[in-house]
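Order of the sequence lines sets the chain letters (A, B, ...), proteins ahead of strands, with each chain counted from 1.
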Amino acid sequence: MAELSELERQRHLKLQRIREKGIDPYPPRVERTHTAAQARTAFENAREGETPTVKVAGRLMSIRVMGRSAFAHIEDGSGRIQIYLRQNVLGEEEYEFFKRDFDIGDFIGVEGRLFRTRTGEVTVEVQRFHMLAKSLKPLPEKWHGLRNVEIRYRQRYVDLIVNQDVRRVFATRARIISALRRFLDEHGFLEVETPILQPLYGGAMARPFTTYHNQLHQTLYLRIATELYLKRLIVGGYERVYEIGKNFRNEGVDQEHNPEFTAIEFYMAYADYNDVMDLTEEMVAYVAQEVLGTLQITYDGNEIDLTPPWSRIPLRQAIKEKTGIDYREYPEAESLYQAIREIGGDVEPKATWGKLVDSLLNNYVQPKLIQPTFLIDYPIEISPLAKKKPEDPSTVERFEGFIGGMEVCNAFTELNDPIDQRERFLAQGRAFEAGDEEAHQMDEDFIRALSYGMPPTGGWGMGIDRLVMLFTNQTSIRDVILFPLLRAKE
RNA sequence: GGGCCGUUAGCUCAGUCUGGUUAGAGCACCUGCCUUUUAAGCAGGGUGUCGAAGGUUCGAAUCCUUCACGGCCCA
């Protein structure tokens, strides 16, 4: 154990004194009749002259001792309430016990009458109190709180104790996920769970985390997407399925990426990507209305209106408008690379044609998509699971949704032709051989599933963390993930 | 992977450019006073491996090198 600071030594001394008094500083139970909020309500609802007695419990957040009386605030999950301790009520010994051995951060249970102070605050006049849990480490400063982002992420518990707005962000996150679930449940979707440990990874262009099953002597991958399993369920006869859960991608950490993130995917038989766009708009608007009570949000200084319908712009047109480059006029990676260099773009010379299109999208188009926008109709090269447009086999029926300059969702009319799917996987295999480590793997069982027949289907995936960022106006994904990945320390 | 910035008391931060008594402030903490306070107040008290390791120097929180962790920007 590391050496104790002076402040910690003080607290350990107090702990020892409490034990010497024969008091358990960590008792197993507490009697509570009211939360802080309920106690306040009870007082407001009491008849004139009545002073309800309550038992409340919580963490001591401030203490103001004034000789023979003291005020303090305790906080529980419902909020704060003030308590008032007087020597002539408690007796000298008990009062001294509080003054001497209780610290900010301790959990305390109190029983007493409610009254209103001179300044109007509903307060418990304490008749009895108990130590519920002694805190051995001092809390951060009451006024500035905890600002050090490294400590905030590594010791999120401290962040949550002292930063109320952080608690609010994660409460909003929970309500967003709950609203998404409600929306899909009400639209006839079945929530399912598919494997996180997979013998083959797929459903996205990404590198996986690899692990090993000792008993089976088998390499397994943490899923990078739920897509291929969910489509197997459409083959199986479910018409509408969805899954909410963690995906894992072996990639860097930045403001919009955490290697472990929460995604939602749904698949809808007898629907195409146009239907899915309609549903996306409706869903995001529903969630915003349920959680925020409005369709107007502010994100990173921008006013954003989520009201449907959203713009739908072909990707090719969007890139041409922003860069002057029509990528179809440069069918080879080489010529497209030269065209990008001519407009001053800084790109990887070895990039594949698909990666070059992707870089045009990311660098020139995406940052400008502040209002909700669907970019539609993507090149087939970067979309190995999407169905070709009947009139243009170089393009697939795919869209991505952008809000606030962030990509929030990705969807297509699903490729359900098993022979075409095999060809796509083979093309991906060649890309992998050529050095694209994110290229898709051949999945024979998935092709077998498609070979039994999958109805025309629209599929969709969204990064929940990014939606939470938008709805809580946080510009770093780490501020919407309770325990973001940081490099191990110590 | 590259560039820039940060790391000083439990917390929030000065001090580093321009090296020089014993390293500072506020909150927190300790001692005393104070029975309706609320960033309570008054009087007194620094409780520190200046991220780590080397180096330069009579002398290093400060200058140099390397490393660790974090942030921002770029790839």
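Rounded to the nearest Å, the gap between the C1' atom of B/rC63 and that of B/rC69 is 23 Å. A distance of about 12 Å separates the P atoms of B/rU16 and B/rU7, rounded to the whole Å. With both ends at atom P, the span from B/rC50 to B/rG3 equals 29 Å, rounded to whole Å. Comparing the P positions of B/rC4 and B/rU65 gives an interatomic distance of 11 Å, to the nearest angstrom. When the C1' atom is compared between B/rU8 and B/rC33, the two are found 34 Å apart, to the nearest whole Å. Comparing the C1' positions of B/rU47 and B/rG2 gives a spacing of 42 Å, expressed to the nearest Å. B/rC27 and B/rA14 are spaced 15 Å apart, taking the C1' atom of each and rounding to whole Å. When the P atom is used for both B/rA25 and B/rA43, the distance is 15 Å, rounded to whole Å.
OP1 or OP2 of B/rU35 sits under 4.0 Å from a side-chain N or O of A/Arg68. Taking only side-chain nitrogens and oxygens, A/Arg487 never comes nearer than 4.0 Å to OP1 or OP2 of B/rA68. OP1 or OP2 of B/rU37 lies within a sub-4.0 Å distance of a side-chain N or O belonging to A/Arg118. Between B/rU47 and A/Gln10, no contact under 4.0 Å exists linking OP1 or OP2 to a side-chain N or O.
With distances taken from any side-chain atom of A/Lys14 to the nucleotides B/rC34, B/rC30, B/rG70, the minimum falls on B/rC30. Closest approach to the A/Ser5 side chain among B/rG10, B/rG70, B/rU12 is made by B/rG10 (side chain taken as heavy atoms from C-beta onward). When the nucleotides B/rU35, B/rU36, B/rC13 are ranked by their closest atom to the side chain of A/Phe71, B/rU36 comes out on top. Counting only heavy atoms from C-beta on, A/Ile151 has its side chain closest to B/rC11 among B/rC11, B/rU12, B/rU47. Among B/rC11, B/rU35, B/rC13, the nucleotide with an atom closest to any side-chain atom of A/Tyr84 is B/rU35. Listed candidates were B/rU35, B/rA39, B/rG71. Nearest to the side chain of A/Trp143 is B/rA39.
Distance, A/Ile340 CD1 to B/rA75 P: 13 Å, rounded to whole Å. Here B/rU12 presents its P atom at 9 Å from CD of A/Glu141, a figure rounded to the nearest Å. Atoms CG (A/Asp103) and C1' (B/rA28) sit 10 Å apart, rounded to a whole Å. Between A/Asp254 atom CG and B/rC74 atom P the separation is 10 Å, expressed in whole Å. Note: CG (A/Asn258) to P (B/rG71) measures 11 Å, nearest angstrom. What separates CG of A/Asp479 from C1' of B/rG71 is a distance of 12 Å, to the nearest Å. Taking atom NE2 on A/His144 and atom P on B/rG26, their separation rounds to 13 Å, with Å as the unit. Atom CG of A/Leu146 is separated from atom C1' of B/rC13 by 14 Å (rounded to the nearest Å).
Residue-level contact check: A/Glu121 touches the bases, meaning some heavy atom is under 4.0 Å from a base atom. Across all strands shown, A/Leu7 has heavy atoms under 4.0 Å from base atoms, whether or not it also approaches the sugar-phosphate. At the heavy-atom level, A/Asn148 lies under 4.0 Å from the strands shown only through sugar-phosphate atoms. Using a 4.0 Å heavy-atom cutoff across all strands shown, A/Arg9 reaches no nucleic acid atom at all. Among the protein residues, A/Arg116 comes within range of no part of the nucleic acid, since none of its heavy atoms lies under 4.0 Å from any strand. Within 4.0 Å (heavy atoms only), A/Val162 reaches no atom of the nucleic acid at all.
Aromatic ring centres of A/Tyr221 and A/Phe209 lie farther apart than the 6.0 Å criterion allows. Separation of the A/Tyr84 and A/Phe71 ring centroids falls under the 6.0 Å cut-off. Proximity of the aromatic rings of A/Trp353 and A/Tyr330 is defined here by a centroid distance below 6.0 angstrom, and this criterion is not met.
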* Would you sort out whether A/Val166 and A/Val169 count as a side chain to side chain contact (heavy atoms under 4.5 Å, CB included), showing the intermediate values? => CA-CA 5 Å; A/Val166 174; A/Val169 165; 5.6 Å; no
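When atom types are taken as modelled, the side chain of A/Ser69 and the backbone of A/Arg86 share no donor-acceptor pair closer than 3.5 angstrom. In terms of modelled atom types and a separation under 3.5 Å, the side chain of A/Tyr299 and the main chain of A/Gln474 share a donor-acceptor contact.
Applying the Watson-Crick and G-U wobble criteria (two distances, each under 3.5 Å), B/rG26 pairs with B/rC11. Pair assignment for B/rU62 gives none, since no Watson-Crick or G-U wobble pairing has each distance under 3.5 Å. Checking B/rG19 for Watson-Crick or G-U wobble geometry (two distances, each under 3.5 Å) identifies no partner in any strand. Under the Watson-Crick or G-U wobble criterion, with both distances below 3.5 Å, B/rG1 is paired with B/rC74. Across all strands shown, B/rC33 forms a Watson-Crick or G-U wobble pair with B/rG41, both key distances being under 3.5 Å. When both pairing distances are held under 3.5 Å, B/rC67 makes a Watson-Crick or G-U pair with B/rG51.
Counting distance only, with no hydrogens placed and no angle test, the side-chain atoms of A/Arg147 and the base atoms of B/rU12 include no donor-acceptor pair under 3.5 Å.
With a 4.5 Å cut-off on side-chain heavy atoms, A/Val124 and A/Ile81 count as touching.
Between A/Arg64 and A/Glu150, the residue whose closest nucleotide on RNA chain B is further toward the 5' end is A/Arg64. Residues A/Pro140 and A/Leu486 each lie close to RNA chain B; by heavy-atom proximity, the contact nearer the 5' end of the strand is made by A/Pro140.
Looking at A/Lys134, A/Arg17, A/Arg11 one by one, the single match for salt bridge (charged side-chain N to carboxylate O under 4.0 Å, His left out) with A/Asp101 turns out to be A/Arg17.
Below 30°, between 30° and 60°, or above 60°: for A/Phe129 and A/Phe102 the angle between ring planes is above 60°, a perpendicular geometry.
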